[in-house]
Amino acid sequence: MTKTDLASIYEKAGISKKVLDLGEAALEKLAPRFAAIDAIAEYNQQKVILAMQKNRVDATHFASTTGYGYNDDGRDTLERVYADIFGTEDALVRSQITCGTHALNLALSAILRPGDELLSPVGKPYDTLEEVIGIRESVGSLAEFGVTYRQADLLPDGSFDYDNIRKAINGRTRMVTIQRSKGYANRPTLSVERIGELIAFVKGIKPDLIVMVDNCYGEFVQTTEPSQAGADMVVGSLIKNPGGGLAPAGGYICGTKYCIDRVAVRLTSPGLGREVGANLGTNPAFYQGLFLAPTVTAAAEKGAIFAATLYQDLGFKVHPAAEAERYDIIQAIDLESPERLLAFCRGIQAAAPVDSYLTPEPWAMPGYDDEVVMAAGAFVQGSSIELSADGPLRPPYTVYFQGGLTFYHAKLGILMSLQKLVDAGLPL
Ligand SMILES: *Cc1c(COP(=O)(O)O)cnc(C)c1O
């Protein structure tokens, strides 16, 4: 195959020579970065295999269970595999956990009781958690149950405001929530090492605090997880990194036995706990998706760095910067106009294997404050480990770009996004 063959298949896809050349120029610089990502993926691949071997995963674990789901050995073994990978005493990994927000809500409401206070020492949490906590009034929020909330913002340079965090911790502070990824905020994503420092600090002030880390989008980006840096619970969604693109739904919580026992009775019922919850045929996808997760996460991370490099070279503000160390798979790009935000998302959509003929339109989404435009043409609906882009319609019209089960799909999506910007009048 020649370079011309490659150019001609991209041309068939609607990518101009100019856009492709810009892409290739960006990629040339990235070889050492990609090699470093591959090394982390290789480490994490061995970690996953070792956990599966240690727990003697076999074909019987792929069987479907129905009804109550008593004695679901496949489900229970998968939870031990997760616990080993995340370095925790215990884990819950269930299709009955409907999404990341649900998993986070479970973890918080499992521990917090009326009169307790929750502290976020890293600023405002992810949009959907505002209603869980009751920062925005909402039926069923923690606030409705008499749980209060306090927040210490990060300092302007992104560092922890230790003075304010110390002042915020009081006799009622029971739980601390730390979001690893930046989500929709314009702040740096936290490394496992920095999360570890923060946990050591808050536990130094009040040792019996329960620390939960929102681990969404961070799994397998480094060789350790926040649970190995002192977190009592790490929480995430199976239609992000750890599901490897195959999990059709679900969420996980890994943590101490104390925490997971409480999460289990909150998920099902007091007295029942983890004993119920049929897997309904999801186990093969959960196991195989976890097996693929390290390389899928690496592909998505490469896509993020490629997008950052391409758009930064064109003069756009990107978060994190192209050359920055990264700790999640999200790339934010300030597009500075609603038209460009729409064009970018339409490029991602047009590059998808599924639903490529649809046109994303801005929409009011449950759990989000502003209208949001979302592009996704995924095998699993709403999956954001598959290539997707979204952004709230508010200045600076930041697009949050993530995923890609293969790097080559991510590459096509990013090139197509730029093509749509050019077609909409962006001068190159
Ligand atoms: C995606 C995400 C969530 C919420 O997950 P859903 O599955 O969309 O409910 C929470 N926190 C962060 C940081 C996320 O990226």
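Quick note: residue numbers are just sequence positions, from 1. Remember, it's 1-based here, ligands and their atoms both numbered in the order they're listed.
R180 and E225 are joined by a salt bridge, as a carboxylate oxygen and a charged side-chain nitrogen come within less than 4.0 angstrom of each other.
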Distance-only donor-acceptor pairs under 3.5 Å for side chains of residues 370-382, two or more places apart:
from: D370; atom 1: OD2; to: R394; atom 2: NH1; distance (Å): 2.4

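Between R274 and the choices D72, D76, D90, the salt bridge (charged side-chain N to carboxylate O under 4.0 Å, His left out) rule is met once, by D90.
Every residue meeting the side chain to side chain contact (heavy atoms under 4.5 Å, CB included) condition with R262, not counting sequence neighbours, appears here in chain and number order: A110, I111, Y258. Contacts of Y311 classified as ring pair (Phe, Tyr, Trp, His ring centres under 6.0 Å), with partners at least two apart in sequence or in another chain: F316, F344.
The aromatic ring centres of Y162 and F201 sit less than 6.0 Å apart.
Residues with a heavy atom under 4.0 Å from ligand 1: C99, G100, T101, L104, Y126, Q179, D214, C216, Y217, S237, K240.
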